[in-house]
Amino acid sequence: MTQITDTRSLLYRSGLLTPEDARRLTRDALKSCDDGELYLQFIASESFGFDDGRLKMADYSRDAGFGLRGVSGEMTGFAHANEISAAAIARAGETLKLLDPAKGQPAPPPRNNNRHLYTDASPLDAIPFETKVRLLETIDAAARARDPRVAQVTASLAASWNVVEIVRPDGFLATDVRPLVRLNVSIVAEQGGRRETGSYGFGGRYLYDALFAEEGWTRAVDEAVRQAMVNLESVEAPAGEMRVLLGPGWPGVLLHEAVGHGLEGDFNRKGTSAFSGRIGERVAAPGVTVVDDGSIMDRRGSLSIDDEGTPTGETVLIEDGILKGYMQDRLNARLMGVEPTGNGRRESYEHAPMPRMTNTFMRGGEDDPAELLSRIDKGIFAKSFGGGQVDIVSGKFVFSCTEAYLVENGRLGAPIKGATLIGDGPSVLTRVSGIGNDLALDEGVGTCGKGGQSVPAGVGQPTLLVEGLTVGGTA
């Protein structure tokens with residue numbers, strides 16, 4: 001536990017709050033509540049943007065603050081400040097007096113977990129500023145050297161390092177260290193007056209080293225350039241209902257948006273999800289198993305504990321097509337009479353937690369991806385996705401493809417542009433007719449938005465064959 005003792009000093013460095021003060025103030029403020037916590041956070045972050053052959057942006061910031069939350073019944077009181085001091089926390093405690101006093105026994109604390117996924121060494125200080133800028137310059141030069149059709153290169157580097165401490169009125173205390181890094185490369189290619197784009201990024205909850213390893217950033221350059229060149233050759237996408245083959249890895253973002261949010265506890269407790277009240281029912285084709293797991297080492301969505309102190313782990317949401325459960329924070333779990341699953345997450349100390357995904361993915365099956373392709377007489381293969389829109393209540397979605405191909409007579413054809421996939425999450429799961437044996441998680445670039453908060457998240461899936469999915473195109 002040495003690392004936690006050392007990093008805790010960042011949370012108390014102002015000298016205006018001691019650990020004993022934090023415990024006492026939390027106990028006093030929440031004595032009439034069912035549940036709640038004091039959430040202390042120190043954040044260091046930096047980002048660099050390189051575009052058009054020069055450094056366009058360099059940002060470095062440090063922040064620290066607290067959020068104090070009290071829960072009574074279904075009511076929540078929350079106050080926060082960017083000053084970690086006994087006086088500020090005491091003032092925040094006055095807000096919680098507006099809550100009705102709890103009528104039952106206080107909720108029990110999270111189970112203890114001394115397993116820490118991440119190091120206490122800050123990724124921001126390990127590599128000098130000049131070295132970071134030099135990496136972006138090298139990426140720019142390497143991308144332009146790959147192909148004369150490369151017209152523009154944009155590269156970005158971002159990292160953050162967090163220390164959080166959760167203090168509860170029952171004496172529970174948990175501290176966590178959370179690094180996060182990400183590298184992105186975007187390419188604009190031009191040929192005969194036509195311009196197309198390609199992009200690739202990777203990262204995760206580890207230190208900068210992997211981003212600076214040559215095999216890492218060169219793969220990002222190669223993939224971004226390759227995608228841009230493929231798109232230069234693309235033809236107009238067809239339209240209509242057809243078989244769609246979804247690639248492994250990042251296309252799991254469709255699963256995340258169209259299905260994952262509908263499996264979060266708050267929507268189901270309130271009855272606003274398409275999956276509400278359907279535990280034990282078939283909601284997907286046989287063989288479809290969907291899990292959320294926040295304990296996978298190094299993944300972007302992973303956490304040692306969630307933002308309420310509950311240890312993360314694997315939660316089976318759908319098993320062999322049958323709905324098994326939902327992702328829960330403490331509030332919704334208590335009101336629904338189930339256990340928290342380690343999915344209480346918040347963007348920062350300025351926000352109250354809510355049930356959110358960590359790393360959500362579909363498990364692999366037994367089908368050979370090449371054999372799945374051979375089943376398609378006429379359809380498309382969607383290898384990568386861009387943005388999308390989803391309605392949580394109905395599960396209806398629209399996603400744009402950033403790399404996709406025609407499929408005819410079981411063979412890949414020309415790349416296509418302008419393809420969108422249209423459907424609804426619950427229906428899509430029932431139309432899965434093939435599940436590849438090539439499960440892959442994404443490369444570590446996902447960010448999930450909900451209720452005005454953004455948090456890092458991971459997605460994944462094997463190659464999937466879906467029957468009768470609507471494709472929006474221009475041909």
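Worth knowing before you read on, the calculation uses all heavy atoms, side chains too, and leaves out hydrogens, waters and symmetry mates.
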Pair Glu403, Asn231: side-chain N/O donor-acceptor within cut-off below 3.5 Å: no
Centroid-centroid distance, His256 to His261, less than 6.0 Å: yes
Step-by-step salt bridge (charged side-chain N to carboxylate O under 4.0 Å, His left out) determination, Lys132 to Glu46: CA-CA 11 Å; Lys132 296 163 187 172; Glu46 68 180 19; 2.7 Å; yes
Side-chain donor-acceptor pair present, Glu165, Thr175, cut-off under 3.5 Å: yes
Closest non-hydrogen atom pair, Met362 against Pro462: O-CD, 3.2 Å
Lys/Arg N to Asp/Glu carboxylate O, Arg226 vs Asp222, below 4.0 Å: no
Nearest heavy-atom neighbours spanning Met357 and Glu264: N-OE2, 3.3 Å
Distance, nearest 0.5 Å, that separates CG of Leu465 from CD1 of Ile376: 5.0 Å
Check: Phe267 ring centroid to Phe275 ring centroid under 6.0 Å: no
Lys/Arg-Asp/Glu bridge criterion (N-O < 4.0 Å) met for Arg178, Asp176: yes
Side-chain (Arg62) to main-chain (Ser45) donor-acceptor, under 3.5 angstrom: no
Salt-bridge contact Glu196-Lys417 (side-chain N to carboxylate O under 4.0 Å): yes
Criterion side-chain contact (heavy atoms from CB on, under 4.5 Å) on Ile296 and Asp293, from CA distance to verdict: CA-CA 7 Å; Ile296 307 172; Asp293 191 345; 3.7 Å; yes
Verdict with supporting geometry, Arg346 and Glu37, salt bridge (charged side-chain N to carboxylate O under 4.0 Å, His left out): CA-CA 13 Å; Arg346 63 182 96 200; Glu37 71 286 312; 3.1 Å; yes
Side-chain H-bond candidate by donor/acceptor type, Asn343 with Asp292, under 3.5 Å: yes
For Leu246 against Leu421, the heavy-atom pair lying closest together: CD2-CD1, 3.8 Å
Polar side chain donor-acceptor pair, Asp51 to Thr154, under 3.5 angstrom: yes
Heavy-atom closest pair, residues Phe129 and Ala58: CE1-CB, 4.2 Å
Value rounded to 0.5 Å, distance of CG in Leu207 from CH2 in Trp161: 10.5 Å
Pair Asn359, Ser302: side-chain N/O donor-acceptor within cut-off below 3.5 Å: yes
Side-chain (Asn268) to main-chain (Gly262) donor-acceptor, under 3.5 angstrom: yes
Modelled atom types, side-chain donor and acceptor of Ser384 and Thr402, under 3.5 Å: yes
Within-4.5 Å side-chain heavy-atom neighbours: Asp298 and Arg205: no
Residues Arg182 and Glu443 bridged, charged N to O under 4.0 Å: no
Arg146 and Glu223 ion-paired at < 4.0 Å: no
Nearest heavy-atom neighbours spanning Trp217 and Ala142: CZ3-CB, 3.9 Å
Whether Thr197 side chain and Ile187 backbone form a donor-acceptor pair below 3.5 Å: no
Tyr405 and Ile416: CA distance, side-chain angles, deciding distance, side-chain contact (heavy atoms from CB on, under 4.5 Å) verdict: CA-CA 5 Å; Tyr405 300 83; Ile416 55 177; 5.8 Å; no
From CD1 (Ile435) to OG1 (Thr289), nearest 0.5 Å: 7.5 Å
side-chain contact (heavy atoms from CB on, under 4.5 Å) between Gln227 and Ser199, intermediate numbers included: CA-CA 7 Å; Gln227 188 181 91; Ser199 63; 4.1 Å; yes
Ser234-Arg194 side chain donor-acceptor pair, cut-off 3.5 Å: yes
pair Leu317-Val291: side-chain heavy atoms closer than 4.5 Å: no
Matching residue for Phe50 among Leu157, Asp140, Val185 - test: side chain to side chain contact (heavy atoms under 4.5 Å, CB included): Asp140
Short side-chain to backbone donor-acceptor contact, Arg278 and Ile322, under 3.5 Å: no
Asp438-Thr463 side chain donor-acceptor pair, cut-off 3.5 Å: yes
Mutual orientation of the aromatic rings belonging to Tyr208 and Phe212 [parallel < 30°, tilted 30-60°, perpendicular > 60°]: perpendicular
From Glu236 atom CD to Leu406 atom CG, the distance as rounded to the nearest 0.5 Å: 11.0 Å
Nearest-0.5 Å distance, CG of residue Asp306 to OG1 of residue Thr312: 8.0 Å
Donor-acceptor side-chain pairing of Thr447 and Ser454 below 3.5 angstrom: no
Salt bridge Arg345-Glu308, side-chain N to carboxylate O under 4.0 Å: no
Salt-bridge contact Glu467-Arg243 (side-chain N to carboxylate O under 4.0 Å): yes
Lys/Arg N to Asp/Glu carboxylate O, Lys324 vs Glu281, below 4.0 Å: no
Donor + acceptor pair across side chains of Asp63, Tyr349 (<3.5 Å): yes
Euclidean distance, Ser160 OG relative to Ile43 CD1, rounded to 0.5 Å: 8.5 Å
Tyr39 six-ring centre to Arg69 NZ/CZ under 6.0 Å and within 45° of normal: no
Pair Glu130 + Arg134, salt bridge at N-O below 4.0 Å: no
side-chain contact (heavy atoms from CB on, under 4.5 Å) between Gln152 and Arg195, worked out: CA-CA 10 Å; Gln152 185 176 349; Arg195 296 169 70 90; 3.9 Å; yes
Ion pair Asp329/Arg269, N-O distance below 4.0 Å: no
